[in-house]
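First the structure, in the form of structure tokens, and then the observations on it.
When a residue number appears, it is its place in the shown sequence, counting from 1. All values reported here derive from a predicted model rather than from experimental measurement.
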Amino acid sequence: MSRPFRFGVNFLTPAPADEWRAKCRRAEELGYDVLLVADHLGMPAPFPALVAAAEATERPRLGTFVLNAGFWNPALLAREIATTDGLTGGRLEVGLGAGYVQAEHEAAGLPWGSPGERVDHLAHTVRELRRLYGEEALQGQLTQKDGPPLLIGGNGERVLRLAAEEAATVAFTGARSAPGAPGTLLALSAEEFGARIARYEEFERAAGGPPAERNLLLQLVELTEDRGRAVAALTERSSHLTPAQVLALPILAVGTLDEVTRQLLEQREQFGCSYLTVLEPYMEAFAPVIRSLRGR
């Protein structure tokens, strides 16, 4: 049985208090199920932004998408999570990743490390959060007594294995790091994406737990009858893909409303991705798709 769709919007742009609350209320009106905040320098600080979002809305869940584990000491992060969970009435979901932008670590004066070291820290953070949630000081703040549901996002082998073992939701990036260009991502073709899904399923079977929800971040949304024009800029900078492969990318929601609806239904059937997230600039454009998919 396919999971019901959930829809999230990932807020990226800082705003004054009234404007921030207004766009959170607008996302709720449009039918989004989860209001998310990224974890990049120059963007809103996740936890205060989510507390403000909770005050402005009633229904949506609230999440980090995703925290860069390298920015955080686990004990301090556990405190932030517990306080935020309490202040949002238990609506919090915590997304974690290993981080991929070296320049941000350098700007923050934090070690970058090797990919293996960053994943080690991510795994350590997950284990520590589980332990710390049980401490009396945090239990007094947490509304969700076992801690908020955990989302782990990434693409590499070890991150996918960790997600299969620990997460309620696994978020597939649909992209990989460009060789020799830290912080630059290259889109995975539909075939490559399918291979990542299959690999994750191997880890999930080995873990033996209940199947996790699967999230996909849609990088471009445009309802149009001219798909080629809509993806022309992406095609130009994706020299590793043919134009036909670009049009088939799972991370795009481009075409007529019927075409996009059919694509996302087929991707849920093929890949199991029922939790769909869009970036803030596409919040309004994706609203008709939400209405089309709701309840299906």
Discussion item. Other residues, nucleotides and ligands only: do more than 12 of their heavy atoms fall within 6.0 Å of CG on Asp18?
Written reply: no
Discussion item. Restricting to non-hydrogen atoms, name the atom on Pro250 and the atom on Phe271 that form the minimum distance, rounded to 0.1 Å.
Written reply: CG-CE1, 4.1 Å
Fill in: No-hydrogen, no-angle side-chain donor-acceptor test under 3.5 Å, Thr57 and Arg91
yes
Item to complete: Please work out whether the ring planes of Phe172 and Tyr200 are parallel, tilted or perpendicular, with thresholds of 30° and 60°.
Response: perpendicular
Fill in: Main-chain N/O of Lys145 paired with Gln139 side-chain donor or acceptor, under 3.5 Å
yes
Discussion item. Minimum heavy-atom separation for Pro74 and Thr125, please, with both atom names.
Written reply: CG-OG1, 3.9 Å
Discussion item. Are the side chains of Arg214 and Glu201 in contact, using a 4.5 Å heavy-atom criterion?
Written reply: yes
Practice prompt. Considering non-hydrogen atoms only, spot the tightest contact between Ile197 and Cys273 and give its length.
Written response: CD1-SG, 4.5 Å
Fill in: Tyr100-Leu110 co-clustered via ILVMFWY side chain contacts under 4.5 Å
no
Practice prompt. Ignoring hydrogens and angles, tell me if any N or O in the side chain of Glu204 forms a donor-acceptor pair with the backbone of Ala212 under 3.5 Å.
Written response: yes
Discussion item. Please find the pair of heavy atoms, one from Thr261 and one from Arg296, that lie closest to each other, and give the distance.
Written reply: CG2-NH1, 3.3 Å
Worksheet item: CG/Leu279 to CG/Leu220 distance, rounded to the nearest 0.5 angstrom?
Response: 9.5 Å
Discussion item. If hydrophobic clusters are built by linking Ile, Leu, Val, Met, Phe, Trp and Tyr wherever their side-chain heavy atoms come under 4.5 Å apart, do Val37 and Val101 end up in the same one?
Written reply: no
Worksheet item: If you measure from CD on Glu280 to NZ on Lys23, what distance do you get to the nearest 0.5 Å?
Response: 3.5 Å
Practice prompt. Please confirm whether the backbone N or O of Tyr275 pairs with a side-chain atom of Glu213, one donor and one acceptor, at under 3.5 Å?
Written response: no
Worksheet item: Going by the angle between their ring planes, with limits at 30° and 60°, are His121 and His124 parallel, tilted or perpendicular?
Response: tilted
Worksheet item: Passes side-chain contact (heavy atoms from CB on, under 4.5 Å), Val289 versus Leu223? Steps please.
Response: CA-CA 9 Å; Val289 183; Leu223 297 183; 4.1 Å; yes
Practice prompt. Identify the two heavy atoms, one from Leu12 and one from Pro44, that lie closest to each other, and give their separation to 0.1 Å.
Written response: O-CD, 3.3 Å
Practice prompt. Please check if the side chain of Ser238 supplies one atom and the backbone of Leu234 the other of a donor-acceptor pair under 3.5 Å.
Written response: yes
Worksheet item: At what distance, to the nearest 0.5 angstrom, does CG of Leu92 lie from CZ of Arg61?
Response: 7.5 Å
Discussion item. Keeping Arg59 on the side-chain end and Glu28 on the backbone end, is there a donor-acceptor pair under 3.5 Å?
Written reply: yes
Worksheet item: Judged by atom type as modelled, is there a donor-acceptor pair below 3.5 Å linking the side chain of Arg294 to the main-chain atoms of Gly31?
Response: yes
Discussion item. Can you tell me how far apart CG (Leu257) and OG1 (Thr224) are? Round to the nearest 0.5 Å.
Written reply: 12.5 Å
Item to complete: Say whether Leu186 and Leu241 are linked into one hydrophobic cluster, either directly or through other cluster members, by side-chain heavy-atom distances under 4.5 angstrom.
Response: no
Item to complete: Treat each ILVMFWY residue as a node, draw an edge where side-chain heavy atoms are under 4.5 Å apart, and state whether Leu142 and Val51 are in one component.
Response: no
Fill in: Donor-acceptor pair between Thr277 and Asn215 side chains, under 3.5 angstrom
yes
Fill in: N/O donor-acceptor pair under 3.5 Å between Tyr133 side chain and Gln144 backbone
no
Worksheet entry | Trace of the side-chain contact (heavy atoms from CB on, under 4.5 Å) decision for Phe203 with Glu157 | CA-CA 9 Å; Phe203 296 140; Glu157 294 277 301; 3.6 Å; yes
Fill in: Shared hydrophobic cluster for Trp112 and Phe71 (ILVMFWY, side-chain gaps under 4.5 Å)
no
Worksheet entry | Worked check of side-chain contact (heavy atoms from CB on, under 4.5 Å) between Asp120 and Arg158 | CA-CA 9 Å; Asp120 286 344; Arg158 290 183 61 205; 2.6 Å; yes
Worksheet item: Is a side-chain donor or acceptor of Glu19 paired with a backbone partner of Pro16 at a separation under 3.5 angstrom?
Response: no
Worksheet item: With a 4.5 Å limit on heavy-atom distance, are the side chains of Tyr282 and Gln219 in contact?
Response: no
Worksheet item: Are Leu35 and Val9 side-chain neighbours, meaning at least one heavy-atom pair lies under 4.5 Å?
Response: yes
Worksheet item: Between the side chains of Gln267 and Gln263, is a donor N or O closer than 3.5 angstrom to an acceptor N or O?
Response: yes
Item to complete: State whether the number of non-hydrogen atoms from other residues, nucleotides or ligands found under 6.0 Å of Glu29 atom CD is greater than 12.
Response: yes
Fill in: From Ser292 atom OG to Asp258 atom CG, the distance as rounded to the nearest 0.5 Å
7.0 Å
Discussion item. The test is side-chain contact (heavy atoms from CB on, under 4.5 Å); show your working for Leu132 and Ile81 and say whether it passes.
Written reply: CA-CA 11 Å; Leu132 291 163; Ile81 289 170; over 6 Å; no
Fill in: Test item: His240 side-chain N/O and Ala187 main-chain N/O as donor-acceptor pair under 3.5 Å
yes
Practice prompt. Look only at the side chain of Arg268 and the backbone of Arg3, and say whether a donor-acceptor pair between them is shorter than 3.5 Å.
Written response: yes
Worksheet, complete the sentence: What one should report as the nearest heavy-atom pair of Ala54 and Leu62 is CB-CD1, 3.5 Å
Fill in: Point-to-point distance, once rounded to the nearest 0.5 Å, from CD1 of Ile251 to CG of Leu188
7.5 Å
